[in-house]
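In what follows, every heavy atom counts, from backbone to side chain, and hydrogens, waters and symmetry copies are set aside. Quick caveat: nothing in here was measured; it's all calculated off a predicted structure.
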Amino acid sequence: EAQVTQNPRYLITVTGKKLTVTCSQNMNHEYMSWYRQDPGLGLRQIYYSMNVEVTDKGDVPEGYKVSRKEKRNFPLILESPSPNQTSLYFCASSLGLAGGPVFGPGTRLTVL
Amino acid sequence: QKEVEQDPGPLSVPEGAIVSLNCTYSNSAFQYFMWYRQYSRKGPELLMYTYSSGNKEDGRFTAQVDKSSKYISLFIRDSQPSDSATYLCAMSATGTASKLTFGTGTRLQVTL
């Protein structure tokens, strides 16, 4: 089944403890992105990647890092999480510039 | 002012009604337009994708783009209780795989 997977799906952590949320797609898509979704603010793009080793900042990149060492994987790294990063995170991938991205199931992160 | 405005609802309609969902935007460079459906605790699911102006139909769903008015619409015919979800509009100037801007979503409830 063509899909985007994320792990973990739920995570509760404490301020300052480094964490990684993994994202993987099995559709051979070139493009991948990370979004966060917050009430009243909607989905906001954190980072996106056009190909292996090519990434760029979205609207809210502060406090996040990404890497794209393989085409299928695009992990999101929070080196020192803070409570304002408590949110619902989505990974997405797409084949080309046209056509809407396919979203993963989401990761609910709580930072205490 | 947000680049993309969307009435949050909730919008409640009886089963079988025609539903009209709308977004307005301020960036005249937007040329890729999408509608996503998001069920509670799930990732967004692409419903419709349109490039530039015009109409697109897919089953019970019709998407309209009026670039002169900076206004897009999604119509749902013969609405069903299973259509109850949050509907997100999204748009991009440079291609959907890169920078994508979302509306905050309209919550739709279709009642029996």
Next on the checklist: Evaluate B:Leu100 against A:Tyr35 for side-chain contact (heavy atoms from CB on, under 4.5 Å), listing each step before the verdict.
Outcome noted: CA-CA 10 Å; B:Leu100 201 59; A:Tyr35 294 84; 3.3 Å; yes
Checklist entry - For the candidates A:Asp59, A:Asp56, A:Val4, A:Leu88, which exhibits the highest count of non-hydrogen atom pairs separated by less than 4.5 Å from chain B? => result A:Asp59
Item to check | Selection from A:Ala92, A:Gly58, A:Gly40 maximising heavy-atom pairs under 4.5 Å formed with chain B | outcome: A:Gly40
Checklist entry - With a 4.5 Å limit on heavy-atom distance, are the side chains of B:Pro44 and A:Leu43 in contact? => result yes
Checklist entry - Does some side-chain heavy atom of B:Thr104 sit less than 4.5 Å from a side-chain heavy atom of A:Leu41? => result no
Checklist entry - Which atoms of B:Leu88 come close to chain A, meaning under 4.5 Å heavy atom to heavy atom: side chain ones, backbone ones, both, or neither? => result side chain
Item to check | chain B contact via A:Glu30 - side chain, backbone, both or neither, heavy atoms under 4.5 Å | outcome: neither
Do [X] and [Y] share a hydrophobic cluster (ILVMFWY, side-chain heavy atoms under 4.5 Å, transitive)?
X        : Y        : value
B:Phe75  : B:Val19  : no
B:Tyr51  : B:Leu46  : yes
B:Leu47  : A:Val102 : no
A:Leu109 : A:Val66  : yes
B:Ile76  : B:Val13  : yes

Checklist entry - If you measure from CZ on B:Phe102 to CZ on A:Arg44, what distance do you get to the nearest 0.5 Å? => result 13.0 Å
Item to check | Pairwise distance CZ(A:Arg108) to CZ(B:Arg41) - rounded to 0.5 angstrom | outcome: 6.5 Å
How far apart are the closest heavy atoms of [X] and [Y], and which atoms are they?
X        : Y        : result
A:Gly100 : B:Tyr36  : C-OH, 3.4 Å
B:Lys42  : A:Phe90  : O-CZ, 3.7 Å
B:Met34  : A:Pro101 : SD-CD, 4.2 Å

